[in-house]
Each structure stands twice: as structure tokens, then as C-alpha cells.
Protein chains: 2
Amino acid sequence: MAVADQPTDDEAPSASLNHRIRTDITEKIVSGIWPPGHRIPFEHVLTEQYGCSRMTVNKALSELVRAGLIERRRRSGSFVRHPQSQAAILEIHDIKTEVQALGLPYHYDLTERLLRGADAADYDSFEVETDTPLLQMTCVHFAGERPYCLEERLINLATVPEAETIDFADTAPGAWLIAQVPWSAAEHKIRAASADRATAKALDIAKGAACLIVERRTWSSGKVITKVRLTYATEGHTLVARFAPSGE
Amino acid sequence: MAVADQPTDDEAPSASLNHRIRTDITEKIVSGIWPPGHRIPFEHVLTEQYGCSRMTVNKALSELVRAGLIERRRRSGSFVRHPQSQAAILEIHDIKTEVQALGLPYHYDLTERLLRGADAADYDSFEVETDTPLLQMTCVHFAGERPYCLEERLINLATVPEAETIDFADTAPGAWLIAQVPWSAAEHKIRAASADRATAKALDIAKGAACLIVERRTWSSGKVITKVRLTYATEGHTLVARFAPSGE
DNA sequence: CAGTGGTCTAGACCACGTA
DNA sequence: ACGTGGTCTAGACCACTGT
């Protein structure tokens, strides 16, 4: 096969060929040289340009599809995608890690630990049968001496029976669950709300103060493992989400 | 090559082989059969089990690495990863789409449109030189007759000079920018805050009411294109983020 | 040193959709 | 019908690293 000139001869010298192809094309797209809808070269053309086999080109383009940068249609070719709904990666950290990242000492208090059966209200939000054994807990996470976050958690003991035997006075339930249970899906709902009387008392803030609430449900093998509501006291508390289209 | 028994003979009949291998392994991991740290079979073993070439097995395992489910070490093998920080996909929709999804009529008012040069305060948050031309806009998005969201936006005219010529009375700046500019990175900060006097007036809510604030900065080719602060009036407004480790 | 994964090749057959 | 991408093969060489 004839080895044509390499498109980028002044680029980083190393890295794999398929990675080179990917970054070359990514650069063309994010810089706007290839606008949305533009047809990118056929596989056999890239094969010649880079002097490599079709498999290598295909791997590079397949990963661009995964990253959402291009779409491919048989018999038509590959095209730069029109930007759609923006999607961002939201990192949900362990609360202990969060607090320590602020340079503050961390501790937490378990204020409630209750074993009960599921009722009708749980069915809606938790997707469990009535009377399924649940472990209900409330705890407050501290940053230094100030309350940082109120955690209200339900654990489905039908899926995680070991949780009943754990003394969560020492181990935070979130950290224990992450280490213990393989989870396959999670849903987060993020909203703002004014602190009600009980929340204000627990977090030692004024009633009516704005709070950031994160509600998370976690599934494993199609069953809900746990549901947690995290209420952040600090008005300054911020979630950060980042996005880069190529995933790099 | 000897074709050994297929591990899953009661599964979905179709799909590609590498997809089958991937889902088989994913199932083992998320179900807990293979706990974190467990070594998954070597490539040559899977090659025999599935009666396929090493390339196919390798592709399946490579995608599991991408998905963050496993990690691979030369000479050691491939291992189920210990779950780390949770990461969720946060979808950021166009506001018009958001409102219409609620079944409410959408419109918006442009209440400010100001051409000015960057000052020192912009430098911190916007990463632009002093006197860079900026377009500053404020608008209110309505759901039905109620204010839904307050948008305060800055556009860097050095990177998007065409924006100066657009009449944003008809086209919302967010929608125009997404269609116009290829963006390569975005950062979102999400927090709760009490409405100040101006915000409360713009959104027709009580001063001090809890609001959800999303601040977004968007880059293209290393330069900031736009910075926007979205303040949601509705206490009930919720962002939803989902996660599935295998990306499926 | 031996065995693992990382990458690549030069083919091949097939599914699919546009012309 | 034809050319595209989708998938797969049966090898190969190399880098790395644990024993």
C-alpha cells in the first residue's frame, strides 16, 4: 500500500496511530474547520492518508461515535454531528472527601436509625413492595464545628441485608454502601429549597435559608438499593460539572 | 480453532460478538458475582470460551476500560475496578425545550443589551484581556405567564464577532450560540441562593426565596465564548442527572 | 525471562441504504 | 446494484512487568 504524506508531521511524536487519527479529526471539528453536517473522509481515504489498515481507521472513528462527535451512515459516510442537548459530567464525591478538600476536619453524627417496613408512600419513590424491610437513617455531616450537610437515607434491606448488622455510628452509610454494593445505575435530582423548621435546626441555619438538595436513587440489577436526600446548608456550596465532547 | 460452549445460551440471540462479551462481563460485575479486585479471564481464555479471535475480545475489554468498569495491567491481567467517585451525566437542555416539555407556552423578553469593554472583574471570571469587547445581555424566560428563568449572559465578541449583529429580540442567545459556535468544553456550577431584590423583581417572586442557580462557561479552542448565569425561580425546578457505568 | 496486554495488518463477508 | 460502514479473522511485533 502506498504511504501518503502524514497530515500532521509537526504534532506529538508518540501515541498510537488510531489516537492520532482521532485527535486530528477532533481538532478539525472543535475548531470549526469541519462544521456540523460536514462529511468527513471515507474510511478508505483515511486509510491511504495515514498509510494504515482499515481496522485502525475504523477503531478511531468508532470511538468518535461513542464520544458523540460524529455519526455514521452506511452507504452515505460519516458526518460531524449537530450539537444537541449539552451533557455534562457531574462528579458526585463522598462527603468526607468533599469536606477534607476544603481543608476542614470532618466528622458526622448519626441522629436516627430506624428499622421499619415499607408503606405506600415508599412504593412511589422507592419501587418496593409494602412491608419490605427498610433501614431509615438520618445523619449530619460536619465541616469543622459547623453542620455541612444533612443526610436522610433509606436502605432497602431486601437487596442489602448486611446493612442491618452494620453500626453506622462509625462508618458513614454512603461510604459503606459504595464499597459494599456494585451499583449499576443512579439518578440524581438537584433542586433548591428553603429550609423548613426541622432542617434549619439540624443544620443550625435560619429557617427559610436557601439550601441545595441532591436526591439520589441507586439501583443494582434493576432493584433500588438506597435512596438518599442530601441537604447542603452552605449557600456557598457548589456542584461542578464539566464537559468535553471527545471525552479526553 | 475449537469452539467451546457459549457462556450464555439463553441470552439475546442477536447483537455482535464483542457486544455479547461486553454485556456478559458487565452483568457479572454489576451483579456482584465478580467483586471489585476480581481478576477477569485472560484474553486467550475468553478467546477460547467464545470461539473468536483475540481482536474481538480485546475490543470488548477495551470498551469496558473506557466505561470505567475494569482496569488492565500488562503481565497481570484485567481486574474489576473498585468503585470510585460517582460521576453522572447531567443533561443541560435548551430553556425553550425545557418549558415546552412542561406543556406550557414559551416566550422571552430581552431586558438589557449592552456593548461594553471588559474590566478587571471580567478578567477573573472570563479570562479575557481588559477592553476586550463584550456583549452583555439580560433576559427573562417565561413559562406561560410566569417568569421561569432569569438569564444574565456575557458574550466574548473577540471570539464570536457575529453576535454583535444579531437581534436577540427574536432569537434567544443560548439557542443561537449553540447552533453557531462549535464549543469544545463547558463548566457548570450549580448552587442555591436566596433571591436578592433585583432577582426577585425580575422573576416576580418574594425576596429571599430559594433559587437554583446554574452558571456556565463555554470554551472553544481554549478561549471563553460565553458565560451565563441562569436563575430558576421555581422552587420545584429540578435538574436530573443519570448514570450507568457501562454507558449503555 | 516469560506472559500479559497494546496495537496493527491485510485481508474477508455481510447488512444496509442510497441511487 | 453498488459502495458504505460493521464486524471479524489469524496472525504479528512490541512494551511492559511480575516472577
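Letters A, B, ... are given to chains in the order of the sequence lines, protein chains preceding strands, and every chain is numbered from 1. All values below come from the heavy atoms of this structure, side chains included, with hydrogens, waters and symmetry mates left out. This one's a predicted model, so the numbers in the text were calculated from it and none came from an experiment.
- Taking a cutoff of 4.0 Å between a charged side-chain nitrogen and a carboxylate oxygen, B/Arg54 and B/Glu43 qualify as a salt bridge.
- Using a 3.5 Å distance cut-off with no hydrogens or angles, the side chains of A/Tyr148 and A/Glu98 do pair a donor with an acceptor.
- Between B/Met55 atom CE and D/dG11 atom P there is a gap of 16 Å when expressed in whole angstrom units.
- Distances shown here put a side-chain N or O of A/Arg72 below 4.0 Å from the OP1 or OP2 atom of D/dG6.
- As rounded to whole Å, 18 Å separates atom P of D/dC14 from atom CG of B/Asn58.
- The interatomic distance linking A/Leu17 (CG) with C/dT9 (P) rounds to 6 Å, in whole Å.
- Which of C/dT18, D/dG5, C/dT4 sits closest to the side chain of A/Ser76 comes down to C/dT18.
- Rounding to whole angstrom units, OH of residue A/Tyr50 and P of C/dC8 are separated by 13 Å.
- An OP1 or OP2 oxygen of D/dC8 is reached within less than 4.0 angstrom by a side-chain nitrogen or oxygen of B/Asn18.
- For A/Thr56 and C/dT9, the shortest distance from a side-chain N or O to OP1 or OP2 is below 4.0 Å.
- Counting to the nearest Å, the C1' atom of D/dC14 and the CZ atom of B/Arg74 are 8 Å from each other.
- If you measure from atom CG of A/Leu64 to atom C1' of D/dG5, you get 14 Å, rounded to the nearest angstrom.
- A donor and an acceptor atom sit less than 3.5 Å apart, one in the side chain of B/Arg75 and one in the base of C/dA2.
- Proximity of B/Ser78 to the phosphate of C/dG5: a side-chain N or O atom is located under 4.0 Å from OP1 or OP2.
- With rounding to whole Å, A/Glu43 atom CD is found 18 Å from C/dC14 atom P.
- Salt bridge status for B/Arg73 with B/Glu71: present, with a side-chain N to carboxylate O gap under 4.0 Å.
- A salt bridge links B/Glu215 to B/Arg229: one of the charged nitrogens lies within less than 4.0 Å of a carboxylate oxygen.
- Comparing atom distances between the A/Cys52 side chain and each of D/dG6, C/dG6, C/dT9 picks out C/dT9 as nearest.
- Note: A/Phe168 and A/Trp176 have perpendicular aromatic rings, judged against thresholds of 30 and 60 degrees for the angle between ring planes.
- Note: NZ (B/Lys59) to P (D/dT9) measures 12 Å, nearest angstrom.
- For B/Arg73 against D/dC16, a side-chain-to-base donor-acceptor contact under 3.5 Å is absent.
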